[in-house]
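Below, read A as the first sequence line, B as the second, and so on, with proteins coming before strands; counting in each chain starts at 1. All heavy atoms count here, side chains included; hydrogens, waters and symmetry mates do not.
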There are 2 protein chains.
Amino acid sequence: MDKKAKVLDAALKLFVEFGFHNTPTSKIAKEAGISSGTLFYFFPTKDELVVALYLDIKGKLGCEITESISQETSFKDILKKYYTTTLDWAKEHIAEFKFMEQFNSSPYLKKIAEDEIQKYVKPLKELLQNAIDEGVLKNMDLEILFTLISGHTFSINQYLIISEPKESKRGHIISETFDLLWQMIST
Amino acid sequence: MDKKAKVLDAALKLFVEFGFHNTPTSKIAKEAGISSGTLFYFFPTKDELVVALYLDIKGKLGCEITESISQETSFKDILKKYYTTTLDWAKEHIAEFKFMEQFNSSPYLKKIAEDEIQKYVKPLKELLQNAIDEGVLKNMDLEILFTLISGHTFSINQYLIISEPKESKRGHIISETFDLLWQMIST
DNA sequence: CATATAACTGACTAATCAGTCAGTAAAAGT
DNA sequence: ACTTTTACTGACTGATTAGTCAGTTATATG
């Protein structure tokens, strides 16, 4: 019933399949089973819909990660949970992941305030800084460390989505690539 | 004078600034200083223009890399040259890099034949397979190895473009992050 | 129940879009 | 010199687009 959510669902599906271009608001409304007017009632412009969808997804992934790492105590366990939760979430939310990818590398990204992005990035950066201070991680530039970890996670994610390994093999890949990452950044 | 090249130049600039959507062919023609008809004389559809631009850029980067690694002999030197050449090229061709990124994570990618992509990927994969066989690199799945290397390169590239370090610092970052990569994948 | 507010509709519009076409200019071939 | 091919033009068009608006229905509130 929640028509606002239906618009976001429909937009996600169509954006991933056809891109931002080639996805008119009229098709989104049709796919969502609502009228064009209702779409613009909830989202005054198409751009605002795109940005709202992005923030919605970012928020959901953020919650998932925050919750999952809350049970861990050691830094290595926290980072591993970060890693596995991200990969598992992406597997169950492939469209969301593809959309975020598309959004991140488009000029739309500029429409989001810097602190909106930092909101999701800051907690991890603080964890990393602590780990550096405690001598658990190599003493390198925080930004570079962050880049290496996100880049590694992102690329393995891509690989897992494309190659669709069986669950057992998938587990191996995740744990082995995490070990490689850990070997690279830890003291 | 070469108006076809001017179209590609103009398209690159506008796509990077405004995205594929929000970049009408009329604006591209205007920016290129030609008529709308000429644009469609060279590129029958907008999609074909986008794809042609992508292949043009891919080709140029490919040539650059092929040429630069031809002087090296040891595998480690070749890989390092691969790494540095890619990063240096991206620094001098930021728009090209951003466009490729946007293209790679858009549905446009599907419009390119698989073997067209493999053309650029195959040479590196063969080098990697040899290095595995010779025991220089860890014996891991070739695809994963390739993913790790590209992901690492890509993310450091992103970092360098955003943070714009001074030339001296830049050199340090490149050489240190290569060492980290090498440490991760070599035996 | 009455009234106000929020959710929703779909026909409509002004603007914009990708692509066409009839025709011109320049270059290449014979 | 003549003919053919290639490069190029820009006004035009039919389709599509984001967004509007006057009005309807549902929901909440007093």
Side-chain angles (χ1 to χ4, degrees), chain A residues 1-57 59 95 99 102-103 105-112, chain B residues 1-57 59 95 99 102-103 105-112:
Chain A
M1 266 297 150
D2 185 351
K3 302 203 172 180
K4 195 173 177 180
K6 276 197 175 146
V7 173
L8 291 173
D9 271 6
L12 173 63
K13 183 186 166 186
L14 294 172
F15 285 150
V16 169
E17 189 169 357
F18 304 109
F20 299 131
H21 66 294
N22 289 329
T23 304
T25 51
S26 56
K27 270 187 201 158
I28 297 172
K30 205 176 177 184
E31 174 78 27
I34 56 149
S35 75
S36 165
T38 304
L39 188 151
F40 286 100
Y41 174 74
F42 288 117
F43 307 98
T45 66
K46 189 185 177 182
D47 279 9
E48 282 170 89
L49 165 60
V50 172
V51 169
L53 178 57
Y54 180 77
L55 293 178
D56 180 60
I57 294 172
F99 171 79
Q102 202 177 317
F103 188 97
S105 53
S106 82
Y108 271 117
L109 191 63
K110 282 183 286 193
K111 303 215 171 196
I112 291 186
Chain B
M1 265 298 147
D2 186 352
K3 303 203 173 181
K4 195 174 176 180
K6 277 196 175 147
V7 174
L8 291 173
D9 271 6
L12 174 62
K13 184 185 164 187
L14 295 172
F15 285 151
V16 169
E17 189 170 355
F18 304 109
F20 300 129
H21 67 294
N22 289 330
T23 303
T25 51
S26 54
K27 270 188 201 160
I28 297 172
K30 205 176 177 182
E31 174 79 24
I34 56 149
S35 76
S36 165
T38 305
L39 189 150
F40 286 100
Y41 174 74
F42 288 118
F43 307 98
T45 65
K46 189 185 178 182
D47 279 8
E48 281 171 87
L49 166 59
V50 173
V51 169
L53 178 58
Y54 180 76
L55 293 178
D56 180 60
I57 294 172
F99 171 79
Q102 204 177 318
F103 187 98
S105 53
S106 82
Y108 271 116
L109 191 64
K110 280 183 285 190
K111 303 215 171 194
I112 291 186

Gap between atom CZ of B/F42 and atom CD1 of B/I34 - 0.5 Å precision: 7.5 Å

Distances under 3.5 Å only, N/O to N/O: pair up the protein atoms with those of nucleotides 14-23 of chain C.
unit_1	atom_1	unit_2	atom_2	d
C/dA18	OP1	B/T25	N	3.4
C/dA18	OP1	B/K46	NZ	2.9
C/dA18	OP2	B/T25	N	2.6
C/dA18	OP2	B/T25	OG1	2.8
C/dG19	OP2	B/K46	N	2.7

Nearest-Å distance for atom pair CZ/C1', residues A/F18 and D/dT17: 17 Å

Distance, rounded to the nearest Å, where A/L39 contributes CG and C/dC12 contributes P: 20 Å

Shortest non-hydrogen contact between B/P107 and A/E17, atoms and distance: CB-O, 3.7 Å

side-chain N/O B/K3 vs D/dT9 OP1/OP2, d < 4.0 Å: yes

Below 4.0 Å: OP1/OP2 of C/dG10 and any side-chain N or O of A/S35: no

Nearest-0.5 Å distance, CZ of residue B/F99 to OG of residue B/S106: 8.0 Å

Heavy-atom pair with the smallest gap, counting every atom of A/V16 and A/Q102: CA-OE1, 4.1 Å

Per A/F42 side chain, nearest of listed nucleotides D/dG10, D/dT6, C/dC8: C/dC8

Test applied, ring-ring contact (aromatic ring centres under 6.0 Å, His included); reference residue, B/F15; option that passes from B/F20, B/Y108, B/Y54: B/F20

Spacing of A/D2 atom CG relative to D/dA26 atom C1', expressed in whole Å: 15 Å

Under-4.0 Å side-chain N/O to phosphate OP1/OP2 contact, B/T38 with D/dA7: no

Cation-pi, B/F18 ring and B/K27 (6.0 angstrom, 45 degrees): yes

Check: B/K46 side chain, B/T23 main-chain N or O, donor-acceptor pair, under 3.5 Å: yes

Spacing of B/H21 atom NE2 relative to D/dG19 atom C1', expressed in whole Å: 16 Å

Distance below 4.0 Å between B/Y41 side-chain N/O and D/dA7 OP1 or OP2: yes

Sugar-phosphate, base or nothing in reach of B/I34, heavy atoms under 4.0 Å: sugar-phosphate

A/E48 CD to D/dG19 C1', straight-line distance once rounded to whole Å: 12 Å

